[in-house]
Every structure is written in structure tokens, then in C-alpha cells.
There are 2 protein chains.
Amino acid sequence: MRPTPRAETFPVNTPAASQVFTTVLSQGPLARLEVARRAGLSPAAVTKAVRPLIEAGYLVEDADEAARPALGRPANLVRVDGGRALFIGVKVTGDEIIGVLTDLCCRIRVARHVPLPDRAPKVVLASIADLVKELLAEADGAQARTQDQDPVPVLGLGIAVSGDVDRGEGTVRYSPFLEWRDVPLAELAAMTTGLPVTVDNDVRALTVAEQWFGAGAGLSDFAVVTVGAGIGCGLVVHGRVVAGAHGVAGEIGHVTVDPAGRLCHCGNRGCVEAIAGEAAIVRQIREATGVELADAAEAVALAHRGVAGAREVYARAGEAIGRGIATVANLLGPERVIISGEGLAAYDLFAEQIREAFVAAAFGSAAQCDVLTRPLPFEEWARGAAATAIQSFIRADV
Amino acid sequence: MRPTPRAETFPVNTPAASQVFTTVLSQGPLARLEVARRAGLSPAAVTKAVRPLIEAGYLVEDADEAARPALGRPANLVRVDGGRALFIGVKVTGDEIIGVLTDLCCRIRVARHVPLPDRAPKVVLASIADLVKELLAEADGAQARTQDQDPVPVLGLGIAVSGDVDRGEGTVRYSPFLEWRDVPLAELAAMTTGLPVTVDNDVRALTVAEQWFGAGAGLSDFAVVTVGAGIGCGLVVHGRVVAGAHGVAGEIGHVTVDPAGRLCHCGNRGCVEAIAGEAAIVRQIREATGVELADAAEAVALAHRGVAGAREVYARAGEAIGRGIATVANLLGPERVIISGEGLAAYDLFAEQIREAFVAAAFGSAAQCDVLTRPLPFEEWARGAAATAIQSFIRADV
DNA sequence: AGGGGTTCTTTTCCGTCGTCAATAAAAGAA
DNA sequence: TTCTTTTATTGACGACGGAAAAGAACCCCT
């Protein structure tokens, strides 16, 4: 059985060390000098910050013979030892819970889905506890097979929930999806699992994952747009994820793109989500073609078969998304916008419209913003939760 | 004659001292302990930071007898000595230049408008030089009258220009209004005036003024929306003004609120500016009523007289602005939105529509965002430029 | 008048952190 | 071998900010 986790803490908590670690974590193996440049520190500071991290096993040296320079001493690359620690990320949706076991580099080791019979906090909490137990057992199993000396510790649990979440407090203030209000989830989950728990909004968690381990690595200003059941948006400004003064931020889904458009569940007309959300697309295709659709997959299939009405619905959805992205670009001027989410399964159906609408509605050099897609698996959300746990562990200022 | 300005520099440049100074500057007279609380520092650090600043004359002690507590030692309030230094702020518009002489607290001492005969960089530069000379003479005049010992030094010149401005470089990358491209304005103006020069985008400059000396004081996330010839928006996120990766940010004027709306000069349809910009309003009223209008003032007058068509145009403008503000609130979740600009002369004509549209389009608790108006004089833009100069002088990280 | 209580301010000490400048190390080139 | 070039490390140093305790100013109560 896995021993009660020691309260292992990150060996350093100075600004410089934290910055060095996150730089190495997110920007791959780097020479110390290069780390110094990117983190804005002196080489000496990097050396001094790296040493205790290597001693503690979080970083390892890693000379690469490939990129050896023609001249001068070759660099001693430093990288994070992913196998040094494990984390668990959990994403709670309306009807299932997805959990992943990741290493310190946030690479997914194991993924599990469990159905959620009920949305009451107690039930969800019990399901999370079961899932965590299962993932811990999995971690132990891997342990036993490799016969390592020291057991790899699981150092944190991140939980991602949609809605208004106070990460600092670890509470879910209001989640319309789960019908929760003021649930101190971090505290509860810490009690049942014995792990340090971080709770954050799901889109923000995904954004953290992109910021550190994805297409946002090294950027100080970018946006993540998720296309799926809802349309969400995570924003990174000045290198930090935007949380919003009142818990609301990145609600691109409820940006109005057509005031005469259809009614959205938020009460407004012509929100991006009311045009390009999964439910909206299914409904519109049903209305346009008369075909009864069970889910979004069937809608995609129909459109792929070239049914005109269906294709048009997707085209309009793409236009709405492109406009929404242009709005973000006009307001914030990000370096990059990353489109992701399970809705990308239909990406070929609206890729062109997104781009066209974006370019048309982007003002001036905002159109230079780099828009790219990342077809990420659904576990990515849970991975985002794990990323928040990693972030909390290394005490990076959020 | 005014002597060649000595290269006076701010006596401290540690993060703590900078933070202490900006806290006192923007949040009025404060007790040291209170400064410590607000700046997140120890009381000792504040004492140590304050001393050299008092010695250099930038801060002064200022006991207030009024708010004496019932118990304990009364606080020794600390405030910025506005009279310690002067700054000049200049705002360049299409047809005139506005200059102000301010003190260190950014209070306007003198304001001057001069017409701009031509928009060529050389002409503009010469006009700026003349205006600065005039303001410097004014400063000397005041000097002579008060018979002070030490002449109050003018420590910086801030220039605000609309368009894509690189503040770090001090260059105007592209200003459609002036038809400038890559003009190294800071360098040029520094040569002709002999003052340290800061160049920034006009809306951002105004936002800095609000952040430090206006309704944004002490807030870390807010937006400034300017209503006038154009519709602009300055954003402060995480306590810093958003500049945008490509020089574009806060382009609320080109957020689409009605894709079927009228054509905007940016090439799109239904931008906020195409509905609520000054030119758009004048044109719409002309179309609706058939009355030929010379300028916006006449449009306002017409609407105030209760002419139905004119009122409706303003109502639609208010709706567009309200939607634009809601978009900002949905995306960023600011604590406050400050509406300003010369368009506020007509505020009573669309106040209600702004509020209604904002509340309707704001998602969830984004509607809690505090929306207020600040009827600021036109010199306020120049004051913003002075604020950027002050900011540069005290080396606050922008 | 003289404590006692309360709050603000300052002092002193100290750990720590990051830079500077010099030095060591690891190559290939001459 | 020795020089050049680039990377990494060392050790001294200065400075900064925090903790804790003392000091200061004031009111109130006895």
C-alpha cells in the first residue's frame, strides 16, 4: 500500500528559483545561460537556483550531443525530471469525471473516466475520492513493476470545475452546471484524499496547461478558445491567467455577434454560444434539415456527408467563432490564439469561416495575431487540472 | 531664463520604494502603516523607503487633525509634495495640440491649445517645441512671482498620440490620423526640448492618469472607455496597462455589435464606432431628420430639443456602447469601467441605454462591474501624457 | 499626575538574495 | 600546445526587506 504521503515541499521559494524552474519546465531543456536570458536573471543566479533543484531531483542535467556548437564549451542542458513526482488532475463535467495521473512534466501516465450518477457535492466528492484511489493504485502498480528504490510521491491533486471558482479559497462559488453554490471543494477533497488540493475553473486550468506545457509556452499574452458544448476562453495577460474581479472572465461564449440572432440560455440574443455551441448546432441542423440528431457526432457526420443545410450551420458557427476571436484580439492584442476543445472534430467544417471572419473583423495589426488549433483529447481538461496542482506545488505566483 | 535642466533622477529605484511612492501618489495622504498594508510590505520597509523620499523633497509629512483616532498614537500621514516638480503633457490631435503644465501630483497648472497647421512630423515637432517653451516660460513666471529659492524643475515631457505607439522605443509606429509611420518621436522631441521624453498611445496615457490619479486609483483591473470622435478603451489588467503584442489593444471601437449594421471606415459593418462615433452620429441624424449639421454640438442640441429621430440615434449609440462595455466586462471581469471623453456632453441622451444594454449583455456576475462616468475636460488627455512622464520619471515598471 | 492601553513609527539585527568580476571548464582551431 | 570562444561556477559584496522589539504619541482611567 502507498504510504501516507509525506508533506513534500518544493525546496526553494525565492522568486528567482521559481522563475528558473518554470522557465525550464515550460521551455524544455535549456542551457543555464539561456535560462538566464529568458528569465531575465544573471547566469550566477541561475547556477545557484539550479543546484538545490538538481540535488532535490527535480532537475537533471542532460547534455545533447546533437546541437553542439562549432565553437566554445558545449552547453549543459537542464531539464525537469518528469519521473520525480506525480500529480493527479480531475475534471468534473455534468455527467462524468475524468481523471489523469501525470508526471511532473504534466505528461499523462494514466487516464480514467467514471460516470457521475448525481451532481450533489457529496456524490461528486465520493467519486473523486474513488477515482483518486484508483489512480494512486495505478501509480503503485507502475512503481512495483519498475522496482525503483524510492516510491515516486504523488504531490498534489488539481480539480477543475466549470463556473465561478475561487482558486485562492479553493471554493466553488457558483457552478450552474453542477448546481453548486459555495462548496469548499479543496478542503473537502483534501480531507477525503489526504493530498494537497487545488481547485480552479476548468477553462483557466486548461489555459495553465497551455501556458506551461502547450502552445502558450513562453508567451506572455495569449488566449485559449475552447469549442465544444460551450464556447469558453482563457486569457493570459502580462504572463498571468486572468481571473476577473467577480469570478467571471473569458466569457467569449456570451459575446454578442448578432443582436438579431437566436435566443441564448443566458437570456440574450446571438451569443457566440447560441450559434456555435454544440446544442445550438444540433438544434439548427435539425431545424434546417428536419433530421433528428441524437448528438453532435451525428451532426458532424451529416455535414461531412455534404448535406447543404448542415454545412451552412457549421459555416455560420465558424463565422461566429471567428468574430469572437477577433473581439478578443481587438481588445487584448494577444500574440496567439489557441483554438481547442472537442468541437474541433468538426474543424474542417468551419476552419475557413473562422479564419475569414477573424481576418475581416480584426482591426489593424490585431490580424497579425497567430491563430492556431490544437486538437487536444478530452483528457486535456484533466491535465489542465493537474497543471494547476503542479503550479501550486512549486508555488509560482499565479 | 530657465537654466538647462539638471538630469535630476528619482532617488530610489528599488521595487519597494517605487511601490511605496506610487501608493502614496495614487492613494492620497496615507499613514505609513496603511501604505505597508496596501503595498504588501512590512512597516519597516515603508519607513526605510519613505525617509530618502522625504529628504529629497518628493514626500512630505502631513498630520491631519481631523481624522484623529480615539485611541493610540495618531498617524503621521505622508503625501506627495506636488510642488516639488513639474511635468509637461502634450496631446497631439489631428488639428491641434494641447499642452498642460502639471505638478508632481499631476494637477494641471497651466493649459494651452495651439492649432496645428500641418501634420508632417517636422511641423508637429516644431509646434510641440513652441508649446513646451511657452509652458516653461509660464513655469518660470510663476516661479518669479513666488520668489522661491530653488527653481522648481521640469522633469519630463509626455506626448500622447493616437495609433500604434511603442512606448519603450518612444516611436510612433503607425498613426492613421497623423499619417505617420515609424517616427522616433521621443528622440526628436528630446533633442528639440532638452527634456526627457515619454511617448505613448493617447488612450493608454489617459488610462494611466485614471489609474494613478483618477477613478482607477488602487484598482488592479479596470477599463477606461472614451466616447468622442472615436470610441477607445484602455485596459488595466493585473495592475498594468495592456499594450498588446502588436501595438493594438482596447479597440472596443471596432467590436462588432451589429453585423448587419452600417459600414465602418475600418471596412467592417456595425462596429461600435460606426454607430456611436461622433461622425456616425452626425451622419445618422442628418439622414434621419434631414437637418444639415455642422458638428456634434449641433447634433446634441438637436437631440436635446427633443427631435425624435435624433434622440433615437443617440439611443442606438448608447446601446452599442453598452454592448461594447459588456463585451469587455465579459472577457476581462474588471472591477470598474470608467466612461469618459468629450462625447459625455451628450451623456444624458444615452446614459439609460448604455446601462440597459450593459446589464442585458453582461454575463452572470460580470454585471456587478461598477460602471461610472467621469466628465473630464479635453485637457485630460494631455494630463494623461504628463502622467506617463511622471511614471517614467519614478521608473515604475509599466 | 501617573500608569495602562492602544496604535503608529523606528531601530537594530539578520538572513537571504542576486550581481559583479574573476576564474574554471570544455571544447575546437591554429 | 596554446589560443579563442563559449559556458558554468565561485566567492565576495552590497543591498534589500522582514522580524521583533523598543520607542513615541496619544487617550483614558484612577
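Letters A, B, ... mirror the listed sequences (proteins, then strands); counts begin at 1.
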Earlier contact from the 5' end, DNA chain C, for A:N13 and B:N76: B:N76
Can you check whether B:H238's main-chain N or O pairs, donor with acceptor, with B:D221's side chain at less than 3.5 Å? yes
Distance-only donor-acceptor check, side chains A:Q211 and A:R240, under 3.5 Å: no
Under a 4.0 Å threshold between the charged nitrogen and the carboxylate oxygen, would B:D103 count as salt-bridged to B:R109? yes
Partner nucleotide, any strand, of C:dC14 [Watson-Crick/G-U, under 3.5 Å]: D:dG17
Tell me the interatomic distance from [X], atom [atom1], to [N], atom [atom2], rounded to whole angstroms.
X: A:R32; N: C:dG18; atom1: CZ; atom2: C1'; value: 17 Å
X: B:L77; N: C:dT9; atom1: CG; atom2: C1'; value: 13 Å
X: A:Q19; N: C:dC17; atom1: CD; atom2: P; value: 15 Å
X: A:L33; N: C:dT19; atom1: CG; atom2: P; value: 13 Å
X: A:L41; N: C:dC17; atom1: CG; atom2: C1'; value: 11 Å
X: B:E61; N: C:dT9; atom1: CD; atom2: P; value: 8 Å
X: A:R51; N: D:dT9; atom1: CZ; atom2: P; value: 7 Å

Using a heavy-atom cut-off of under 4.0 Å over every strand shown, decide if A:A45 touches base, sugar-phosphate, or nothing. base
Counting neighbours of CD on A:E187 that are heavy atoms of other residues, nucleotides or ligands and sit closer than 6.0 Å, is the number greater than 12? no
